[in-house]
2 protein chains.
Amino acid sequence: MGQTQAGLIEELRARGMRMTPQRAIIFETINQLEGHITAEEIFAQVQKVNAYISLATVYRTLELLQEFDLITPTNLGDSQTCFALKEHCCHHHLVCLQCGNIEEFSDDLFDLVRSRLEDEHGFQVRTDHMSLFGVCKACRGE
Amino acid sequence: MGQTQAGLIEELRARGMRMTPQRAIIFETINQLEGHITAEEIFAQVQKVNAYISLATVYRTLELLQEFDLITPTNLGDSQTCFALKEHCCHHHLVCLQCGNIEEFSDDLFDLVRSRLEDEHGFQVRTDHMSLFGVCKACRGE
DNA sequence: GTAAGTGCAAACAGTTTGCATGACG
DNA sequence: CGTCATGCAAACTGTTTGCACTTAC
């Protein structure tokens, strides 16, 4: 956890971004609040540390982290957008039924499926090591 | 197509809802615009038929159709919500790894996965006859 | 005729943005 | 000390709602 945060800060610096107390607090909050959280939730948590951090800064920082490819936004039915760290995301496979080629895709894509199956069916899906079948870009192009 | 629309209207009437020209136009539009469409897209199309139908009515009708379980909303990354007819949706299976019990779930859940794999990888997934594995409600409760 | 549906405009929620001020490096 | 980040408030987008009016049944 501390490591991840140090990693975040380090990477920010490496890309010439400035390190501000606001950003540090927001990063730490995202690290602590595991799973999918909304901007508003981050804001609420962040305000406990420092009440003078604005919601706009939270949004701007989230945007920054997205550009850095460190978090991913997901839309889970609700009106609000959720965010999650990318670090732990596993990969799945896309298998082409025509040429047999296999490519990978991120586990993020299953966020909505997972949460809805949990909410609507009480079913806890194991999405590790999934394979989806279909037709790849190259084969479709012909 | 005409059949589906007749079905919609019939079902509306059966539930004691009124049939208005606005609703007829909106239904027909949803039928014609296959796939996932936004309220705004429906509105634009509907206005070509009758320019005096308001966006509010489109939203109200969409809400109505959701209550009737005839369309499903989906959130595909964009800011706007997409809607699709439920009629063609196939079913998939949830297989419990502990008790072996199998339950069904709707293909709608894959909307986001499908569209993102198409957009991001150019991959056309075949989501028919899918099975997902995990732990069912009953087994989790223990 | 009466309950339900409509249009309009105003309200609303979530997010973004312009600008003056403040602070990192 | 220059540049970039912040806070504030106002703008913006997608959606919902209150209300007077209209219409289906």
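Worth knowing before you read on, the calculation uses all heavy atoms, side chains too, and leaves out hydrogens, waters and symmetry mates.
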Worksheet item: Taking the six-membered ring for Trp, are Phe110(B) and His92(B) parallel (under 30°), tilted (30 to 60°) or perpendicular (over 60°)?
Response: perpendicular

Would you mind reading off the distance between [X] atom [atom1] and [N] atom [atom2], rounded to a whole angstrom?
X	N	atom1	atom2	value
Glu67(A)	dA5(D)	CD	C1'	14 Å
Phe43(B)	dT6(C)	CZ	C1'	13 Å
Met17(A)	dC4(D)	CE	P	8 Å
Glu41(B)	dT13(D)	CD	C1'	15 Å
Ile53(B)	dG5(C)	CD1	P	15 Å
Leu64(A)	dT15(C)	CG	P	17 Å
Leu62(A)	dA5(D)	CG	P	15 Å
Gln22(A)	dT21(C)	CD	C1'	13 Å

So if I take every side-chain heavy atom of [X] and compare against [options], which nucleotide ends up nearest?
X	options	value
Ala39(B)	dT2(C), dT15(D), dG7(C)	dT15(D)
Arg60(A)	dC19(D), dA24(D), dG7(D)	dG7(D)
Arg23(A)	dG7(D), dA5(D), dT2(C)	dA5(D)
Ser54(A)	dC8(C), dG5(C), dG7(D)	dG7(D)

Fill in: Whether Arg140(A) side chain and Gly122(B) backbone form a donor-acceptor pair below 3.5 Å
yes

Worksheet item: Is there a donor-acceptor pair under 3.5 Å between the side chain of Thr29(B) and the backbone N or O of Ile25(B)?
Response: yes

Practice prompt. Mind listing the closest non-hydrogen atom pair of Val95(A) and Phe123(B) along with its distance?
Written response: O-CZ, 3.3 Å

Item to complete: List the steps and the verdict of side-chain contact (heavy atoms from CB on, under 4.5 Å) for Phe27(B) and Leu65(B).
Response: CA-CA 9 Å; Phe27(B) 293 171; Leu65(B) 290 174; 3.6 Å; yes

Set out, line by line, the N/O atom pairs under 3.5 Å between protein and nucleotides 9-14 of chain C.
| unit_1 | atom_1 | unit_2 | atom_2 | d |
| --- | --- | --- | --- | --- |
| dG14(C) | OP1 | Gln80(A) | OE1 | 2.8 |

Worksheet item: With sugar-phosphate meaning primed atoms plus P, OP1 and OP2, does Pro21(A) contact a base, only sugar-phosphate, or nothing at under 4.0 Å between heavy atoms?
Response: sugar-phosphate

Discussion item. Would you say Thr20(A) places a side-chain N or O within less than 4.0 Å of OP1 or OP2 belonging to dC24(C)?
Written reply: no

Item to complete: Answer yes or no: side-chain N or O of Arg18(B) and base N or O of dC25(D) forming a donor-acceptor pair under 3.5 Å.
Response: no

Worksheet item: Any chance the side chains of Gln32(A) and Glu28(A) put a donor and an acceptor closer than 3.5 Å?
Response: yes

Worksheet item: Going through the distances and angles, do Gln80(B) and Glu40(B) end up as a side-chain contact (heavy atoms from CB on, under 4.5 Å)?
Response: CA-CA 9 Å; Gln80(B) 295 178 218; Glu40(B) 215 77 39; 3.7 Å; yes

